[in-house]
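Numbers here simply count residues along the sequence, with the first being 1.
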Amino acid sequence: MRGITVEDDSAIPVKIKRVYAEPDKADGLRVLVDRLWPRGLAKDKARVDLWAKEVAPSGELRKWFAHREDRWEDFQRRYRAELAENDALDELSATSEKTS
């Protein structure tokens, strides 16, 4: 389990699961963090509670990364920098706290 760190240094627990995997009652709040809706997946089948595309890496960062393994560490650093400036992450954190 991973966590999202918020301003007061508390961590919100996060479980990572592929959106294509079958939803489970134990999933909790299901949030899709991606700029693009997954191909071939109907929204009712995905059963996500929230599509947080504003929290996903920017298009520019995604294109630069291009799934190149040698860029992974730099991608993480750049994405964290984007998140630090992203109000949508605060909104997602607040939503998560309300549902937990």
Side-chain angles (χ1 to χ4, degrees):
M1 185 176 316
R2 300 177 188 179
I4 297 173
T5 303
V6 290
E7 285 185 24
D8 65 0
D9 292 328
S10 61
I12 300 166
V14 175
K15 295 178 188 174
I16 298 174
K17 184 174 184 177
R18 288 182 46 89
V19 71
Y20 295 102
E22 188 65 29
D24 187 276
K25 291 180 185 177
D27 286 345
L29 180 68
R30 290 178 49 89
V31 180
L32 174 63
V33 179
D34 203 327
R35 295 268 173 192
L36 307 171
W37 188 262
R39 287 185 185 188
L41 183 64
K43 290 185 180 181
D44 61 328
K45 185 168 182 177
R47 297 200 315 242
V48 296
D49 300 304
L50 179 64
W51 181 14
K53 55 187 164 188
E54 305 83 12
V55 178
S58 67
E60 179 180 292
L61 181 57
R62 288 176 55 242
K63 288 175 186 173
W64 170 84
F65 175 52
H67 297 282
R68 287 182 42 181
E69 208 172 302
D70 62 317
R71 292 182 176 175
W72 175 241
E73 287 190 29
D74 200 32
F75 170 81
Q76 290 180 76
R77 183 185 57 74
R78 291 177 182 202
Y79 182 39
R80 285 187 184 108
E82 284 186 359
L83 287 174
E85 301 296 320
N86 190 338
D87 293 336
L89 180 60
D90 295 332
E91 294 170 23
L92 176 58
S93 295
T95 301
S96 177
E97 288 173 353
K98 289 178 190 174
T99 61
S100 52

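Put simply, NZ on Lys45 and CD on Glu22 are 6.5 Å apart, with the number rounded to the nearest 0.5 Å. Between Phe75 atom CZ and Arg80 atom CZ the span is 10.0 Å, to the nearest 0.5 Å. For the atom pair CG of Asp90 and CG of Leu83, the computed distance is 10.0 Å after rounding to the nearest 0.5 Å. For the atom pair Lys15 NZ and Asp27 CG, the distance stands at 7.5 Å (nearest 0.5 Å).
Cluster membership for Tyr20 and Trp51, using ILVMFWY side-chain heavy atoms within less than 4.5 angstrom, is shared. Criterion: ILVMFWY side-chain heavy atoms under 4.5 Å apart, direct or through other members. Under it, Val31 and Val19 are not part of a common hydrophobic cluster. Hydrophobic clustering (side-chain heavy atoms under 4.5 Å, transitive across Ile, Leu, Val, Met, Phe, Trp, Tyr) keeps Leu89 apart from Leu32. Clustering ILVMFWY residues whenever any of their side-chain heavy atoms sit less than 4.5 angstrom apart, transitively, puts Val33 in a cluster other than the one holding Leu41.
Of all the heavy atoms in Leu36 and Arg62, the pair that sits closest is CD1-NH2, 3.7 Å. Contact record, Arg47 with Pro23: NH2-CB, 3.3 Å, taken as the closest heavy-atom pair. When all heavy atoms are compared, the tightest approach of Arg68 to Asp70 is NH2-OD2, 2.8 Å. Listed here is the closest heavy atom pair of Ala21 and Arg30: O-NH2, 4.3 Å. Glu82 and Leu61 make their closest contact through OE2-CB, 3.6 Å (heavy atoms, listed as atom of the first residue, atom of the second, distance). Here the closest non-hydrogen pair linking Arg35 and Ala56 is NH2-O, 3.0 Å.
Inter-residue side-chain proximity for Leu50 and Glu91 is flagged as unmet; no heavy-atom pair is nearer than 4.5 Å. With a 4.5 Å cut-off on side-chain heavy atoms, Lys43 and Trp37 count as touching. The shortest side-chain heavy-atom distance between Asp24 and Lys17 falls under the 4.5 Å cut-off. Contact annotation: the side chain of Arg78 approaches that of Trp64 to within less than 4.5 Å [non-hydrogen atoms, C-beta and beyond].
The aromatic rings of Phe65 and His67 sit tilted, their planes meeting at an angle between 30° and 60°.
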